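Here the structure comes first, spelled out in structure tokens, and everything after it is commentary.
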There are 2 protein chains.
Amino acid sequence: MQKAAADKSDPIAAQLAPVGRETVQDRVYLELRRALIGGLFEPSQVLTIRGLADALMTSTMPVREALGRLITEKALEALPNRSVRVPPITLERMDDLLRARILIEGEAIALAATRMTPRQIATIESMLGEWDEMRALKHKKDVDREVTLNQAFHFEIYRACGSAVLIPMIESLWLQSGPCIRVAIYAFSDAGEVDTAHYHRTIVKAIAAQDAKGARDALVADISRPFTFLRSKLESEAEKGQSA
Amino acid sequence: MQKAAADKSDPIAAQLAPVGRETVQDRVYLELRRALIGGLFEPSQVLTIRGLADALMTSTMPVREALGRLITEKALEALPNRSVRVPPITLERMDDLLRARILIEGEAIALAATRMTPRQIATIESMLGEWDEMRALKHKKDVDREVTLNQAFHFEIYRACGSAVLIPMIESLWLQSGPCIRVAIYAFSDAGEVDTAHYHRTIVKAIAAQDAKGARDALVADISRPFTFLRSKLESEAEKGQSA
DNA sequence: TCAATGCAAGTGTGATCACAAATCAAATAA
DNA sequence: TTATTTGATTTGTGATCACACTTGCATTGA
């Protein structure tokens, strides 16, 4: 019955890696994904296969497959030239993304609000403290940590909604709005992280009370904030460009 | 100014294909996509790269990239053996898919109901007639045409919702529920197409009246039907398997 | 007869190569 | 000086190869 672990190769090493070993392609894909959600790429930035292959210390093969996957998720865009780039930001696309996120993430959090266990609620409650820690040492903004913490908080909730269909869609939406979000957070200058903590606190309170509607409303307020901020920024830029 | 068409190669051929020529990879991807939405693959069926490459008269390269893209869309499943298969049907997954489709396609049709032009409404109205045509020559069911017509009707509506974010998500959902749907349609035996026409008629009526809520309700009834039918079938199979 | 071992065919993955198209830069002509 | 063209470089795409792993079957042993 222990056939899976008992191979002709070293049984100890086999136990350390019991499941299928990770492929280079997946590593590249996850790396690019993380970079996109974190907003490490600029909107409209073009990516080349060989460039990424060199940067990731691999050949072109895993990169091109990863890029293809990201293009189908609309996380990247295939130009008619066959080059690929990070999709540019437009007002219409932003509103579109926000509406979809409100719809789907709102549904997910409403489901989660009625299903989260006390243990899961304790987990997201403990995450609130990390915002205070971050505000305590108020040196220059650690945008990476903000993004990571925000992501961990939200997906800890979404994972509890119990839908294997909704969660990948939410991941796709984050992937698509990642570059915009980063731009918004930078534009926020400071005063960003304290607000985030406040909204997250409201969300946790609603979930702890099993208040699905309250949780959905709090979430909408939370994810709308960077979008509305970015929207006003884009609008001012647009009219400036028009006058020029 | 005619630099684009004036190449060193044949200018006539260049004009016949003015935009980027299609890649083999895209052809394979669209082919597999069509097959999946149409339910040409059985649930749990495993697909091999070389097998598909031979069937599609190409090398393994475009196939593996297309498979990778379909895996990220959850249209296919990567087994720990590294082989890929069509995801099997489970009750939980079906309910999950149906809920997501109601949520997203419902939103899309509600948006479309307030935005469709008379011309677009006339288009989907004309599609109703094709169901009558099909019922008129009532030889053996033409499942392929049913699926195609149903798809064309729905996406003609969704395209009018004006959301470049929602439409790909809906396509992904159809891709994931395609194999289930085909099983359900086959199980329907006959009496399937007449009902479809009836539900579509209700949808068109609501849209013509710009009744967003009515359109959403009619759509929910339409897409729920095959799922509830398949659900009862799976449940009876499950208890039969339990007794055996 | 049945289980285990070993061999062979099949399969996915990554690297490399060949080719066509696009891009960029320098050189030439007006 | 400016616009056009020519050539070299870069880039994406598809094919092929090499390797590792899995799977299936036949052989061998008890």
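What you see is a predicted model; the values in this text were computed from it and never measured. Just so we're on the same page: letters track the sequence lines, and every chain starts at 1.
Nearest heavy atom pair, residue B:Phe155 against residue B:Glu171, reads CE2-CG, 3.5 Å.
Remark: C1' of D:dT13 and OH of B:Tyr29 are 18 Å apart, rounded to the nearest angstrom. Between B:Leu79 atom CG and C:dT11 atom P the separation is 15 Å, expressed in whole Å. Put simply, CZ on A:Arg27 is 14 Å from C1' on C:dT13, counting in whole angstrom units. For the pair B:Leu67 CG and C:dT13 C1', the interatomic distance rounds to 13 Å; values are reported in whole Å. Across the protein-nucleic acid pair, A:Arg85 atom CZ and C:dT23 atom P stand 13 Å apart, rounded to whole Å. For the pair B:Leu76 CG and C:dG12 P, the interatomic distance rounds to 12 Å; values are reported in whole Å.
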Show your reasoning for whether side-chain hydrogen bond (donor to acceptor under 3.5 Å, both in side chains) applies to A:Arg101 and A:Ser177.
CA-CA 9 Å; A:Arg101 289 189 55 180; A:Ser177 45; 3.3 Å; yes
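Ion pairing between A:Arg99 and B:Glu107 fails under the 4.0 Å rule for side-chain N and carboxylate O. Salt bridge status for A:Asp26 with A:Arg69: present, with a side-chain N to carboxylate O gap under 4.0 Å.
Taking 4.0 angstrom as the limit, A:Asn81 places a side-chain polar atom (N or O) nearer than this to OP1 or OP2 of C:dT23.
With contacts defined as side-chain heavy-atom distances shorter than 4.5 Å, the pair B:Arg85/B:Leu76 does not qualify. Counting heavy atoms from C-beta on, the side chains of A:Met169 and B:Leu173 come closer than 4.5 Å.
For the contact set between residues 58-65 of chain A and DNA chain C, defined by any heavy atom under 4.0 Å, the members are A:Thr58, A:Ser59, A:Thr60, A:Met61, A:Pro62. Residues from residues 46-55 of chain B with heavy atoms under 4.0 angstrom of DNA chain C, sorted by number: B:Leu47, B:Thr48, B:Ile49, B:Arg50.
With sequence neighbours excluded, no residue forms a ring-ring contact (aromatic ring centres under 6.0 Å, His included) with A:Phe227.
For A:Arg159 and A:Gln120, the side-chain atoms include no donor-acceptor pair closer than 3.5 Å.
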